[in-house]
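To keep things clear, I will list the structure first and then write my remarks on it.
Keep in mind the model is a prediction, meaning the values are calculated, not measured.
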Amino acid sequence: MSKERLLAELAEIVNEVVGLPVNEVQLDRHLRDDLDIDSLSMVEIMVAVEEKFGVATPDEIAGELETVAAVIDHIERNSSVGVA
């Protein structure tokens, strides 16, 4: 799966969880500072990512994912459903 497709699918998840328009979810955006995603919403997003891509994200790792690009990289490195 291409990085662009991963971004589109992550943007749809973010839209479903917090209602942000999908075009606002860009690789260079900071999840908290730019997109105003709080920690509870981030947990919901990561649960949806786990369900969709088979990516387990321990709490200590989730806390380090500060940008959209970091989440995409995490999915690419750890997916069990063959997104690479």
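For Thr57 (side chain) and Ala62 (main-chain N/O), no donor-acceptor pair under 3.5 Å exists by modelled atom type. Checking side-chain atoms of Arg29 against main-chain N and O of Leu35 turns up no donor-acceptor pair under 3.5 Å.
Nearest heavy atom pair, residue Ala11 against residue Val25, reads CB-CB, 3.7 Å. The minimum heavy-atom distance linking Met42 with Val71 is given by the pair CE-CG2, 4.0 Å.
Here CD1 of Ile72 is found 4.5 Å from CG of Leu10. Values are rounded to the nearest 0.5 Å. In this structure, Glu44 CD and Ile13 CD1 are separated by 12.0 Å, a value rounded to the nearest 0.5 Å. Going from atom CD1 of Ile45 over to atom NZ of Lys52 covers 14.0 Å, rounded to the nearest 0.5 Å. Leu65 CG to Leu31 CG: the interatomic distance, rounded to the nearest 0.5 Å, is 8.0 Å.
Considering only heavy atoms from C-beta on, Met1 stays 4.5 Å or farther from Ile75 through its side chain. Gln26 is not listed as a side-chain neighbour of Val68, based on a closest heavy-atom distance of 4.5 Å or more. Here the side chains of Met46 and His74 are in contact, with some heavy-atom distance below 4.5 Å. Put simply, the side chain of Thr67 does not reach to within 4.5 Å of the side chain of Asp34, judged on heavy atoms.
For Asp36, the CG atom sits in a loose shell: 12 or fewer heavy atoms of surrounding residues, nucleotides or ligands are nearer than 6.0 Å. Annotation for Asp59: atom CG does not count as buried by contact number, only 12 or fewer foreign heavy atoms lying within 6.0 Å.
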task: With side-chain contact (heavy atoms from CB on, under 4.5 Å) as the test, would you mind laying out the steps for Glu9 and Val22 before giving the verdict?
output: CA-CA 9 Å; Glu9 296 205 18; Val22 294; over 6 Å; no
